[in-house]
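Ligands are counted one by one from 1 in listed order, and the atoms in each one are counted from 1 as well. As a basis for the values below, the full set of heavy atoms in this structure was taken, side chains included, without hydrogen atoms, waters or symmetry mates.
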Amino acid sequence: MADKQSTKNKHLACIILAAGKGTRMRSKTPKVMHPVLNLPIIKWITNTAQSLNAVKSVVVIGPDMDAVAQAVTPCETVIQTERKGTGDAVKTGLTNLQDFDGDILILLGDTPLITQQTIQDLIDARHDGNDVRLSVLGTFMDNPDGYGRLILDDDGMLDKIVEHKDASEEEKTVDLVNTGAFCVDAQTLRTLISAIKNENAQGEYYITDLPALAKAKGWKTAVSYCDDENEVLGINSRQDLAVVEDIAQNRKRTQMMENGVTLQDPFATYFSYDTDIGQDSIIGPGCVFGPGVKIDEDVEVKAFCHLEGVHVKSGCALGPYARLRPGTVLHENVRIGNFVEIKNTDFGKGSKANHLSYIGDSTIGEDVNFGAGSITVNYDGFTKHRTHVGNNVMIGCNVNLI
Ligand code: UD1
Ligand code: MG
């Protein structure tokens, strides 16, 4: 296998901004730890950054954000002690890139759906010949409210970025917005960062001052355009979170159907970022897939099932109303019926539990039949004991396996 280090791009480093308080979320949890498809917002962006093989990715976090630091490993973190704005956050990130000489990619930690290709286009724009030192990722938005606006000059070149709160009425009519992603050569960034001032409506140091400062020095800025505004929506509020979740669910639903999975009611089927379902499986309405679910080919999941942390092998039929909990493996051709809960159990090939059972911490053999109302009783209040059932066992109704 190729050494991972050797494929690193020595000319690229990332600074990801995640220190903001996220006041508009009204949450005790840092904004970037809220989940989209059950993966924290910040992980979406650090995963994408890692796919670029940058030599280093630095995540700027606040002083009280240990959970974020843990979530983003192996990315480095640096603490911005006072939240003085995105410009100050980038300056803080730069302290971890002192000897770096190449492109610095600045990404916002609250924009999870941005794709690797869009970022690559932004990097390419920075190398578009003609001595470009800075590239900015812009997009046209139907409702640009709240976003910074890209103000172009008469030649169509970027003049400056104006934040919504500082924009004139005329500037507010501009629908070309700043997505927050920049690619800038390290020396240029170091030169300009100290020139950023906080004389604006929010009294903050804005990274968005970069293009105007570059222009004042006669340095060129390019705009890279993202065609899909949905990809670059920033999450600032619970409403934004719901909109982004919906977009991500739809992406995942489309991907599933393209891979040959039938979704009887796609909009009533909820996936996690890592749900993996094999060809010709059929999913009924109202099913929810938590993290860590793998379903093989030719499985039927009937309406209203809830699955999390399970592997379902081919030919199984589940539900309606089944609940499968973490640590469960259903081997081939298993039948699980209504109101059956299975946890941390290896359930053998061809076995059945068709009605009203709880089966936890167990190893069940092949071709076993659980009668209605039969359950495992293997927790004595102190220890969870494991229940073992061999092959070809017929368990009657209302049996407690102690
Ligand atoms: C920002 C941009 C705006 C752009 C929008 C795109 C600025 C000044 N504004 O606005 O032009 O249209 O994103 O979504 O850059 N952060 C820190 N430290 C701070 C402040 C913020 O790390 O002191 C981080 C936040 O955690 C967040 C990101 O920077 O991940 C952006 O901050 P946010 O407050 O969400 O900026 P917006 O108002 O969305
Ligand atoms: Mg934001």
Side-chain angles (χ1 to χ4, degrees), residues 14-25 27 29-34 36 40-46 49 58-65 68-69 72 77-95 106-114 118 136-141 143-151 158 160-167 171-172 174-182 184 193 196-213 223 226 229-241 243-244:
C14 301
I15 298 178
I16 300 168
L17 309 187
K21 289 196 173 128
T23 322
R24 290 165 279 182
M25 289 295 277
S27 176
T29 304
K31 172 169 81 172
V32 297
M33 287 304 285
H34 284 261
V36 169
I41 294 168
I42 189 68
K43 285 295 286 177
W44 285 83
I45 198 88
T46 53
V58 180
V59 183
V60 184
I61 61 172
D64 42 5
M65 291 189 177
V68 182
V72 301
T77 49
V78 55
I79 294 175
Q80 184 192 17
T81 18
E82 275 178 84
R83 272 71 150 208
K84 292 189 279 189
T86 49
D88 181 67
V90 171
K91 196 174 184 181
T92 308
L94 271 174
T95 57
I106 300 169
L107 299 171
L108 302 185
D110 65 355
T111 309
L113 301 185
I114 192 166
T118 297
V136 177
L137 184 66
T139 196
F140 290 98
M141 276 198 180
N143 177 9
D145 273 8
Y147 287 82
R149 308 297 208 281
L150 302 190
I151 309 298
L158 183 61
K160 59 178 177 178
I161 301 178
V162 183
E163 287 306 298
H164 184 90
K165 285 186 178 154
D166 299 293
E171 286 165 339
K172 280 182 186 156
V174 172
D175 59 357
L176 177 57
V177 310
N178 170 36
T179 67
F182 299 84
V184 52
I193 198 86
I196 295 177
K197 300 211 165 57
N198 65 350
E199 288 147 15
N200 51 54
Q202 303 189 85
E204 287 187 0
Y205 296 88
Y206 293 160
I207 195 60
T208 47
D209 283 356
L210 283 186
L213 292 169
V223 178
C226 173
E229 62 169 279
N230 284 342
E231 216 186 275
V232 286
L233 293 177
I235 299 177
N236 296 316
S237 64
R238 304 270 182 170
Q239 285 86 339
D240 296 336
L241 182 65
V243 169
V244 169

Nearest-0.5 Å distance, [atom1] of residue [X] to [atom2] of residue [Y]:
{"X": "L108", "Y": "I114", "atom1": "CG", "atom2": "CD1", "value": "8.5 Å"}
{"X": "Y147", "Y": "T179", "atom1": "OH", "atom2": "OG1", "value": "9.5 Å"}
{"X": "I106", "Y": "L210", "atom1": "CD1", "atom2": "CG", "value": "6.0 Å"}
{"X": "E163", "Y": "E204", "atom1": "CD", "atom2": "CD", "value": "9.0 Å"}

Run the contact test for [X] against ligand 1 with a 4.0 Å cut-off on heavy atoms, strictly below, and give the result.
{"X": "H164", "value": "no"}
{"X": "V177", "value": "no"}
{"X": "T208", "value": "yes"}

Taking 4.0 angstrom as the limit, do K160 and E171 come out as a salt bridge?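 Answer for the salt bridge query: yes.
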
Salt bridge D64-R83, side-chain N to carboxylate O under 4.0 Å: yes

Check each heavy atom of A89 against ligand 1 and say whether those closer than 4.0 Å belong to the side chain, the backbone, both or neither. side chain

Using atom types as modelled and distance alone, determine if a side-chain donor or acceptor of T118 lies under 3.5 Å from a backbone N or O of C226.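 Pair absent, no side-chain N/O of T118 close to backbone of C226.
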
Shortest protein contact, [atom] (heavy atom only):
{"atom": "atom 22 (O) of ligand 1", "value": "A19 N, 2.8 Å"}
{"atom": "atom 2 (C) of ligand 1", "value": "E163 OE1, 3.8 Å"}
{"atom": "atom 23 (O) of ligand 1", "value": "G85 N, 2.8 Å"}
{"atom": "atom 36 (O) of ligand 1", "value": "R24 NH2, 4.2 Å"}
{"atom": "atom 1 (C) of ligand 1", "value": "L108 CD1, 4.1 Å"}
{"atom": "atom 4 (C) of ligand 1", "value": "N178 O, 3.2 Å"}
{"atom": "atom 35 (O) of ligand 1", "value": "D110 OD2, 2.9 Å"}

Polar contacts were defined as any N/O atom of the residue lying under 3.5 Å from an N/O atom of the ligand; does this apply to [X] and ligand 1?
{"X": "G20", "answer": "yes"}
{"X": "L17", "answer": "yes"}
{"X": "I161", "answer": "no"}
{"X": "G234", "answer": "no"}

Looking only at heavy atoms, what is the nearest atom pair of [X] and [Y], with distance?
{"X": "D166", "Y": "Y206", "answer": "OD2-OH, 2.9 Å"}
{"X": "I41", "Y": "I235", "answer": "CD1-CD1, 3.7 Å"}
{"X": "A181", "Y": "L107", "answer": "CB-CD2, 3.9 Å"}
{"X": "A19", "Y": "Q80", "answer": "CB-OE1, 3.2 Å"}

Determine, step by step, whether I196 and L213 satisfy the side chain to side chain contact (heavy atoms under 4.5 Å, CB included) criterion, reporting the C-alpha distance in whole Å, the side-chain angles of both residues, the deciding distance to 0.1 Å, and the verdict. CA-CA 8 Å; I196 295 177; L213 292 169; 3.7 Å; yes

Side chain to side chain contact (heavy atoms under 4.5 Å, CB included) partners for [X], two or more places apart:
{"X": "V174", "result": "R149, I151, L176"}
{"X": "T29", "result": "S27, M33, H34"}
{"X": "N198", "result": "Y205"}

Numbering the atoms of ligand 1 from 1, which are under 4.0 Å from a heavy atom of [X]?
{"X": "G148", "answer": "3 (C), 4 (C), 11 (O), 12 (O)"}
{"X": "Q80", "answer": "17 (C), 18 (N), 19 (C), 22 (O), 23 (O)"}
{"X": "K31", "answer": "35 (O)"}
{"X": "N236", "answer": "35 (O), 39 (O)"}
{"X": "Y147", "answer": "6 (C), 12 (O), 14 (O)"}

Heavy-atom distance to atom 32 (O) of ligand 1: which of T86, I106, V136 wins? T86

Can you tell me if K172 has over 12 outside heavy atoms packed within less than 6.0 Å of its NZ? yes

Taking 2.8 Å as the limit, list every protein N, O or S atom around the Mg ion (ligand 2), by chain and residue number. D110 OD2, N236 OD1

